[in-house]
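The structure under discussion appears below in the form of structure tokens.
Only a predicted model underlies this, so the values are computations on that prediction, with no experimental measurement involved. Sequential numbering from 1 along the given sequence is applied to the chain's residues.
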Amino acid sequence: MGQPQKPIAAEQQILSLGRVLQSLREEDDVDVLIETTISYLKEQFDYKLIWIALYDRLNHILFGKGGITRDRDTSFLRQRVVLSPGDLLEQVVIEQHPLGIADLQTEIRAPEWRKIAEKSHIQGTIILPIRHKDRCLGVLLLGSERWGYLLTGEAKARLMMVLGELGAVLYQNEMHLQQKQTKRTDEPLLELLENLRTLSNLNQRLEATVQATHKFVSPNRTNVYWFEREGRYFWCRMSNQLVRIDRNPSSQQAAGMTVQELSDFYYALTVNQIVSIGDARSSLKSHFTAKLLQRLKVRSLLAAPIIWQKNLLGFLAVESNEPRIWTEADKNFVQGAAGLISLVATTESMESTIKQIQEDAQLTSQVAQGIYSEHDLNKTLHSCAKKVLARLAATRFMLLQYDPQQNNYQFIYQSQPHNRRPLTFALNTLKELDEQLLQRSTQAVEIENLDEDLRFFNWRPLLLESGVRSLLICKCIHDHIPAALLVITHDSHRSWTTLEKELLWAVSQQIGVIVRQWQLHNRTTQQQKTSQAFEQCLRILTQSQNSKIEVGKKHLERTALEQIASILGCPLAILLSWSPGESWAEIIPGVLDNSLFGIFSDASISIQAEALIQWALTTESYLTLKVADLPPKTRKWLNTPDKGKILVMALRTNADYEITGVVLLADYQERHWSEQNLSATATLISQLAWWRREKQITRLLESTTKDLQQLNWYKHRRLEEIQRITALCLKQIHALGIPANELTQMRYELLLRQLDHTAASMSGMLKLEQWQLHISWETMPIASLLKRSLGRIENLIKQQKLWIGVHGLGQQIEEQSPNNASLARGISTSSAQSAMAMSPTGYAYAGDIVKIELVIHELLVNACNGSQTGGRIDIWCRRLDASKSLDSKRSSDSGGTEHQTSLELSITYNGAIEPQLLTELHDNRFKDVLAPSKLDQPPGLHLLICQNLMQELGGELNFYQLPDNRVVSRLLLTLVGNDS
């Protein structure tokens, strides 16, 4: 098949090929090109059926241009063949590859050609595309009477060269024809531009543009639709068929098209995309194309946006009632005409635009000025919100701040009309795509329809429920996660101009400065608050170390709890305290600032059974939990709101030391505790634990030192007295010698009994007062007490030649008796013992006789040592009723009856005493243990011991100096009647 009729020399084939190629290059007429090609094929190839057809791309049709047949019937060779899916011819056109058919008579994919093949006895067939630059221009069909479709390599090469040249010439002719048929848009547009210059107002210019567009494109209708941002709808402002333009906005909106109806069409216009919908072609999605054509009641549409400074003003539309393929010239002219409208549309409102820009600049300046001049954040934001809402015709002005602890956005300022309530919820953190959108944005992000827009999707439910339908959002601070956002909302669907979005962006950046300042101020305030709390706690510790006198039993704990609660702002702070080895905890209240929070301070709290204590003991640091998680047993003594939260932390110092308490703080659940504040709180609680332990250890050591000092002094003085009595008895025994008579024997036995008594008292001291003092209760007449005390210093009096005067022992009431004004006045110390035989007073001292005697002895020794040689010591006695006693409560607690009274015993002498010693004895306060003191060594140490001992015995001991320089030791003793 396909063989030449007779052998042809290679030179002749090449010459024939050259001639046909030359003819094809030089010819412009398509019919001549086709005839030349058919003649060559008929001459060079043995095919009984030759058919050439040209391809119409727009209509997807093959037009037959001629050929040859066996019966010379060429009518069907010029027919029009409509290509359909699955057709052999369509396969060649689409794939642009030759297709061979072994027997065309049996090919079901070409039913029409099968009939022709049967009629002409055609079997083997080959279909080749005529193509150029990947563009199919037609097809060539060659049919043979033989079965099969084989072509030799040399014949195939010559055939492809001819078809390639034919395709190139057809392509050039087609391009030339298109250039001739293509409309030139430059001249009509220049003519339109010249015409627009001569017109005065916008409506005239729109009318001229519509007429020029309609004339060039020749559609059924040409319209200009204008966009209203407030209602987000388009209305027909100008049309080639419009007789009267309705100026009523309500009727415009009713007759217009809303953005919700136009949907994808609207969003294509906003990005400056021309919309083309024609015969089986659309630049929009197929499902929306039908809805749009039905809404406009057309079959074809070509629309170009009218945009000025990125703001959509409207669009120019040409509409056809029949399916139409829009040419590039049509698209270019409509787009150019829409661009001319955008240029002339702004000139009408140029003055108002300039004025608006000036007002916006003034508004931005006022906001900036308010930021830098006003220290009140709310006042600044209120002024700014009022101006911005009025300028943008918005409903709400909201400033949000990101809370990293709760991972959401909180409202820090809101402004809305009086008939609307502020929003009370928090907004979730932004999705990653929304964060990136805000990061990349250089102006306010606009959401015209919150119902349909998927941006900020996780905010939609709450905002829609609050009536928000459109919004503008700006980032105020440039962070990885926007730390502050400014949001402007409206209750209806609307859009804003680029100028308005740029204005809001400028305002948001100014507000970002406010937020930064506010954050720095809050951070500084919180740091100062924390620092003050630390300073106050340190001051409490210092005061507790430098003073014995405290405001209350738990002053340190209460004051420390106040400072700890101040950091978190908690209305309730308590301490559950206990000592090592105890089973029950004591409640120490620190802060109770709200009636909703309370405690039952008398409640018995078991350390082992209380859940809060056990949770705190098993937690290394602090533990936070909700009030709802507390067991009912805890809620019995702890009164807090159900929507509250608790922080507990044990007073833990060292792993080896026992815990002696748990700090409990309570607050409202919606209040947030930052990590910084929690860390500071934990530090203060830890310091409180160490301070409390140090205080307990210090008190223990102080008490132990005090007790040991008293015990040492007491035993030393007792031993001195025992040694003195023992030595005196032994001396008298030696002086008596061996008893020779009855009188000597009696004196000897008396001395032995005295030694027995001394030994017995020593045994009692060793048994009962081994490591602490034992307070006994005895009575002794005051005269006897003084007599014994004076007898013990007899030698000292003799050495310094002192005079002793005792005054007031002879009175039964407070007034002195002249007869007993001085029992030993004017007598020497040698006769003082005989002078002690005074009349009894009827009253005796009640208490520990031995210890009181030692105290009086210590005071007399101090007076003797402080007096000059030959000086005078006076002992003044004055009885005081219980009602006039300086410490009546202490007198009543000492065990007396209703006849109980007190004796003021004052020892005065003329001598020197160091002022520092007198001051320290008078203050009797805690001192620095490392600083030198007169109370660290005798006589100051002994006098301090006596002073403390008298407090334990229920009396008082004070030291002071009179204006005449006499030193006074004032002792207050408890008296009882002889019948007690």
Side-chain angles (χ1 to χ4, degrees), residues 537 540-565 572-592 599-623 633-634 636-638 646-666 681-711 770-773 775 926 929 948 951-952:
C537 287
I540 295 170
L541 176 63
T542 304
Q543 292 175 352
S544 66
Q545 289 178 337
N546 293 339
S547 176
K548 276 187 178 181
I549 303 174
E550 295 185 359
V551 177
K553 182 180 179 182
K554 303 297 180 182
H555 173 70
L556 170 65
E557 287 84 351
R558 288 193 179 97
T559 312
L561 287 174
E562 292 175 359
Q563 301 306 317
I564 293 171
L572 174 65
I574 62 173
L575 173 64
L576 303 177
S577 174
W578 64 86
S579 297
E582 292 183 350
S583 301
W584 299 91
E586 173 191 6
I587 299 178
I588 300 177
V591 176
L592 288 172
I599 56 172
F600 296 95
S601 56
D602 297 334
S604 299
I605 302 176
S606 173
I607 299 175
Q608 296 297 327
E610 176 53 50
L612 275 179
I613 296 178
Q614 292 302 314
W615 291 342
L617 295 179
T618 55
T619 305
E620 190 68 24
S621 182
Y622 59 84
L623 174 66
K633 188 174 182 180
T634 303
K636 290 182 180 180
W637 61 268
L638 180 61
I646 302 291
L647 182 144
V648 289
M649 181 174 176
L651 296 181
R652 183 178 283 103
T653 53
N654 189 290
D656 298 330
Y657 300 155
E658 289 193 31
I659 297 174
T660 59
V662 170
V663 173
L664 185 148
L665 304 174
T681 301
T683 302
L684 284 182
I685 293 176
S686 179
Q687 290 297 321
L688 173 62
W690 282 103
W691 294 342
R692 199 160 178 264
R693 176 178 174 80
E694 179 187 358
K695 188 67 177 178
Q696 292 172 347
I697 293 176
T698 302
R699 287 174 178 172
L700 177 61
L701 294 178
E702 288 176 355
S703 176
T704 303
T705 303
K706 177 182 175 182
D707 293 342
L708 292 178
Q709 285 178 342
Q710 293 177 355
L711 184 64
Q770 184 175 5
W771 286 109
Q772 59 184 3
L773 295 178
I775 307 300
F926 189 83
V929 295
N948 295 331
Q951 291 180 357
E952 296 182 9

Note, [X] side chain near [Y] side chain (heavy atom, < 4.5 Å):
{"X": "I685", "Y": "T681", "result": "yes"}
{"X": "F600", "Y": "I605", "result": "no"}
{"X": "L612", "Y": "L638", "result": "yes"}

Which atoms form the tightest heavy-atom contact between [X] and [Y], and what is the distance?
{"X": "L617", "Y": "A650", "result": "CD2-CB, 4.2 Å"}
{"X": "I659", "Y": "G661", "result": "CG2-O, 3.4 Å"}
{"X": "I613", "Y": "S606", "result": "CD1-O, 4.3 Å"}
{"X": "A560", "Y": "L688", "result": "CB-CD1, 3.7 Å"}
{"X": "I646", "Y": "L664", "result": "CG2-CG, 4.1 Å"}
{"X": "A609", "Y": "K633", "result": "CB-NZ, 3.5 Å"}

How far does [atom1] of [X] sit from [atom2] of [Y], to the nearest 0.5 angstrom?
{"X": "L684", "Y": "W691", "atom1": "CG", "atom2": "CH2", "value": "6.5 Å"}
{"X": "I588", "Y": "E557", "atom1": "CD1", "atom2": "CD", "value": "5.0 Å"}
{"X": "I564", "Y": "Q687", "atom1": "CD1", "atom2": "CD", "value": "10.0 Å"}
{"X": "I697", "Y": "R693", "atom1": "CD1", "atom2": "CZ", "value": "4.0 Å"}
{"X": "W578", "Y": "T660", "atom1": "CH2", "atom2": "OG1", "value": "7.0 Å"}
{"X": "E702", "Y": "K695", "atom1": "CD", "atom2": "NZ", "value": "6.5 Å"}

**Q.** Set of residues satisfying side chain to side chain donor-acceptor pair (under 3.5 Å) with respect to T634, sequence neighbours excluded
**A.**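 Applying side chain to side chain donor-acceptor pair (under 3.5 Å) to T634 gives E610.
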
Q: Could you pull out all residues at least two apart from S686 that satisfy side chain to side chain contact (heavy atoms under 4.5 Å, CB included)?
A: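 Partners of S686 by the side chain to side chain contact (heavy atoms under 4.5 Å, CB included) criterion, ordered by chain and then number, come out as W690.
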
Q. Partners of L623 by side chain to side chain contact (heavy atoms under 4.5 Å, CB included), sequence neighbours excluded?
A.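 Here the qualifying residues are W615, T619, L625, V648.
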
Q.
For L665, run the side chain to side chain contact (heavy atoms under 4.5 Å, CB included) check against L572, I574, L647 and tell me which one passes.
A.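 With L665 as partner, L572, I574, L647 yield a single side chain to side chain contact (heavy atoms under 4.5 Å, CB included), made by L647.
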
Q: Verify, without hydrogens or angle tests, whether R652 (side chain) and E620 (backbone) share a donor-acceptor contact under 3.5 angstrom.
A: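 Side chain of R652 to backbone of E620: a pair is present.
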
